[in-house]
Colleague: 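I'd like to ask some things about the structure below.
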Number of protein chains: 2
Amino acid sequence: MSRRRPLRLPEPTVARLPVYQRIAENWRSRGHSSIDSSQLGDQAGVTATTVRRDLAGLGSLGVRGAGYDIETLLNHIAEALGQDRTYRVVIVGVGNLGRALANSTSFLVRGAELVGLYDADLSVIGSTVARHVVRDVHGEIDLADVAVLCVPPEAAQAVADRLVRAGIRALLNFAPRVLTVPQGVAVHYVDFSIELQILTYHLVSGMGLLGGGVLHSVGIPNERPVGGDA
Amino acid sequence: MSRRRPLRLPEPTVARLPVYQRIAENWRSRGHSSIDSSQLGDQAGVTATTVRRDLAGLGSLGVRGAGYDIETLLNHIAEALGQDRTYRVVIVGVGNLGRALANSTSFLVRGAELVGLYDADLSVIGSTVARHVVRDVHGEIDLADVAVLCVPPEAAQAVADRLVRAGIRALLNFAPRVLTVPQGVAVHYVDFSIELQILTYHLVSGMGLLGGGVLHSVGIPNERPVGGDA
DNA sequence: GGATGTGAAGTAGTTCACAGCC
DNA sequence: GGCTGTGAACTACTTCACATCC
């Protein structure tokens, strides 16, 4: 747990590390104590070389001839991604999506800690979701590291403005709307319909292949005849 | 709408086109009839040159000295992304997330058409969501172009197997689980917690900046003192 | 033997700078 | 004048191939 400096990693690597993390944990829960770059690569949909290059960036944590010790690997990835710190997260907009995120056991993990829920709807304000009382988004907003926006698109910019004014410097925006924020504020977009469009594009164009790019677009070209038939 | 061949576009371009599309529509709804590459770039968080390079790939649709006619632009992007076709979509797993997606007015757009909802929970099967009766995922599954997976992670692989066996060749997977599918099946992952981790990484490392990459990670470094203060 | 880590080569995507057209 | 479209330069990432070490 040596407190290390930020460590600047290539952007695609940052996007893949959480994937390796998930795979390694899965592997561990199945009783393995080590994993090698081809296994990681097959699962993640990238080449073994890419995996090694990514991991080499975190320091020399592999064992030649034997692969990576899962425990060591997980520690180093967590540290590289800054997960030895905790992040205060608020969710704004408690509709179906906000509720799904707040209650999910896999969303707020690795240092992310839910500290507040906000909504504008009076019929929701005051109710309890995921053990938090939903508060009025027009009232005082607690300081947090990250705000998750799950509000209707029309409201997104106004809410973002409020959050920024309340001192929040990172937004995860689920509203299908481009946001304008001042310098120094990070916005990360997740847009379901865009993901779907990327997929359908590949359907007519690339045709099923789409190996490559793990990120949010992994196509895993693993053999596997599926199920019992053919 | 000249029926054109697939048109192979660079992957990052494919991810940005839907963003331009959204921006252009926004612009249009505010009364503009044309837009130029810097305006698109500012909004999308990329350089004007990148926008021009992306759009030049669709054919020569700009007007020198004047920018892009919004109507023309939207037509060409829609065609390039294959949106002049329709896609039959099923949603599997009707929890909070599945419900949110089914009811969203911005998810199933541009050719995507909801044709079925499936779940394994008996208390949900038979109920009506988004004007569709939820059917048993263990029963017959209608043929569709794309399946959207919103099931718990433990169930994801088994459900994916069923869907593939039912002839579905494209999956949009919201379950935080890596899936193994046979060659020829496309999987596109959307993982909320990974998005959050990428954002928090930038928080400690890059520090607020993160210009670049529109994709799902746009940081828009637009000036804008926010709200009325300052 | 076997799998890592890494120079060197290759590929993909972005940015520069400017010619071309409205 | 202004903004597009694009060859050329550059930068970033991936892949190859192999020396290195357990």
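Order of the sequence lines fixes the chain letters, A, B, ..., with proteins taken first and strands second; residue numbering starts at 1 for each chain.
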Colleague: Taking only residues two or more places apart in sequence or in another chain, which ones pass side chain to side chain contact (heavy atoms under 4.5 Å, CB included) with Ala100(A)?
Modeller: Asn96(B), Leu97(B)
Colleague: Consider side chain to side chain contact (heavy atoms under 4.5 Å, CB included). Of Leu172(B), Val148(B), Asn173(B), which one does Glu195(A) pass it with?
Modeller: Leu172(B)
Colleague: For a quick test of reading the model: is some side-chain N or O of Thr47(A) closer than 4.0 Å to OP1 or OP2 of dT14(D)?
Modeller: no
Colleague: Using modelled atom types and a 3.5 Å cut-off, is there a donor and acceptor pairing between side-chain atoms of Gln157(A) and backbone atoms of Thr180(A)?
Modeller: yes
Colleague: Should the pair Asp54(A)-Arg16(A) be classified as a salt bridge under the 4.0 Å nitrogen-to-oxygen rule?
Modeller: yes
Colleague: For Gln21(A), enumerate each residue passing the side chain to side chain contact (heavy atoms under 4.5 Å, CB included) test, keeping only those at least two apart in sequence or located in another chain.
Modeller: Pro18(A), Leu74(A), Ile77(A), Ala78(A), Leu81(A), Gln83(A), Arg110(A), Gln197(B)
Colleague: In whole Å, what is the span from the CG atom of Asp69(A) to the P atom of dC21(D)?
Modeller: 21 Å
Colleague: Can you give one letter per nucleotide of nucleotides 3-12 of chain D, 5' to 3': B if a protein heavy atom sits under 4.0 Å from the base, S if only from the sugar-phosphate, - if neither?
Modeller: BBBBBB----
